[in-house]
Novice: 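One structure follows; several queries about it will come next.
Proteins come first, then strands; the chains are lettered A, B, ... in the order of their sequence lines, and each starts at number 1. Worth saying up front: this structure is predicted, and the values here are computed from it rather than measured. The analysis underlying the following values was restricted to heavy atoms, covering all of them including side chains, and did not include hydrogens, waters or symmetry mates.
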Amino acid sequence: DGGITQSPKYLFRKEGQNVTLSCEQNLNHDAMYWYRQDPGQGLRLIYYSQIVNDFQKGDIAEGYSVSREKKESFPLTVTSAQKNPTAFYLCASSTRQMNTGELFFGEGSRLTVL
Amino acid sequence: EDKVVQSPLSLVVHEGDTVTLNCSYEVTNFRSLLWYKQEKKAPTFLFMLTSSGIEKKSGRLSSILDKKELFSILNITATQTGDSAVYLCAVGSGTSYGKLTFGQGTILTVHP
């Protein structure tokens with residue numbers, strides 16, 4: 001079945017460690033996104049990519065990094081520079097034109113910093 | 001800075017009630033307004049609205065956009081316990097199609 005797979009679903013890390021969250025899609029979508037969700041704040045855009053080998057910062061990119069070497073994959077690294085990394089992270093994809101308006105979301109990765 | 005505000009933040013009703021969820025926005029270069037339902041983890045798409053006054057309907061759910069007053073409402077009639085979820089409103093603006101600004105979400109709880 002087509003969809004978006006995020007891994008791991010749950011992740012614990014110690015302060016000062018980098019961690020990479022995986023996002024893979026087999027929908028043949030050009031565009032991919034990373035959102036962060038905190039209680040009471042909705043979803044906030046971290047990074048997005050509309051084409052392979054190109055990506056742009058979203059509203060809260062500080063302390064995060066991404067790469068887009070393949071159309072199917074858009075991994076997110078949460079670096080030690082991110083001051084408050086404990087959150088729920090959602091990856092999404094869409095066609096570049098997004099004619100139907102639909103973002104397809106993965107199941108999310110919950111990161112807890114100890 | 002683009003801004004999307006949803007109200008109420010939470011709502012508790014009984015099965016059979018009708019609810020109205022609100023979404024107001026302030027964005028430059030408005031493109032579209034979208035509603036999503038988030039039950040556990042992955043939000044699922046409900047509606048996309050681009051034109052004022054045209055109601056979109058899917059079963060017991062309907063939504064309408066007012067571009068003059070900068071708001072949208074999502075109506076759910078004859079609510080069921082399966083409607084319990086977080087409802088997210090998002091606005092697309094500018095030239096980057098998937099770059100959405102989300103509201104805080106409305107937590108809807110439907111009791112039997």
Side-chain angles (χ1 to χ4, degrees), chain A residues 1-10 23 25 27 29-51 54-61 68 74 87-110, chain B residues 1-10 21-28 30-51 54 56 58 63 65 72 74 85-107:
Chain A
D1 285 0
I4 300 180
T5 302
Q6 289 186 240
S7 63
K9 287 183 170 41
Y10 298 93
C23 178
Q25 56 101 356
L27 299 167
H29 285 166
D30 290 304
M32 297 186 74
Y33 316 84
W34 274 104
Y35 284 90
R36 170 180 171 143
Q37 188 172 28
D38 295 283
Q41 294 194 47
L43 276 66
R44 292 181 290 166
L45 183 64
I46 305 172
Y47 268 99
Y48 64 104
S49 166
Q50 293 184 301
I51 197 167
D54 188 43
F55 49 83
Q56 286 79 41
K57 292 182 179 180
D59 300 318
I60 55 165
R68 186 86 188 277
F74 192 40
F88 186 57
Y89 292 89
L90 282 162
C91 178
S93 72
S94 72
T95 59
R96 202 186 309 178
Q97 292 75 25
M98 217 170 114
N99 293 330
T100 64
E102 187 169 2
L103 279 183
F104 291 81
F105 285 89
E107 292 286 304
S109 294
R110 188 169 297 280
Chain B
E1 183 180 332
D2 294 347
K3 188 176 179 182
V4 178
V5 177
Q6 292 184 243
S7 64
L9 294 181
S10 65
L21 310 183
N22 303 296
C23 177
S24 63
Y25 62 90
E26 294 177 28
V27 301
T28 53
F30 173 89
R31 180 179 300 281
S32 59
L33 185 143
L34 300 97
W35 285 97
Y36 287 84
K37 177 183 182 181
Q38 185 177 25
E39 291 183 77
K40 290 185 179 178
K41 295 182 178 178
T44 54
F45 173 77
L46 294 174
F47 299 112
M48 181 176 77
L49 304 156
T50 56
S51 301
I54 299 175
K56 293 238 175 158
S58 175
S63 184
L65 173 68
S72 173
L74 175 68
V86 177
Y87 289 84
L88 299 167
C89 173
V91 174
S93 61
T95 56
S96 296
Y97 281 86
K99 189 174 177 295
L100 302 177
T101 301
F102 282 80
Q104 321 95 301
T106 293
I107 303 171

Novice: Hey, could you give me the CG/OG1 distance between Asp59(A) and Thr101(B), rounded to the nearest 0.5 Å?
Specialist: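 Atom-to-atom, Asp59(A):CG and Thr101(B):OG1 are 6.0 Å apart.
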Novice: Ser10(B), Ala90(B), Pro43(B), Ala42(B): which one forms the most heavy-atom pairs within less than 4.5 Å of chain A?
Specialist: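 Winner by heavy-atom pair count: Pro43(B).
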Novice: I'd like to know if the side chain of Tyr36(B) and the backbone of Leu103(A) have a donor-acceptor N/O pair within less than 3.5 Å.
Specialist: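 It does hold such a pair.
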Novice: Enter the distance from Gln37(A):CD to Gln38(B):CD here, rounded to the nearest 0.5 Å.
Specialist: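 Separation between the atoms: 4.0 Å.
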Novice: With a 4.5 angstrom heavy-atom cut-off, which part of Leu88(B) approaches chain A: side chain, backbone, both or neither?
Specialist: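 Looking at Leu88(B), just its side chain touches chain A.
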Novice: What part of Leu90(A) gets within 4.5 angstrom of chain B, counting heavy atoms only: side chain, backbone, both, or neither?
Specialist: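 Contact with chain B: side chain only.
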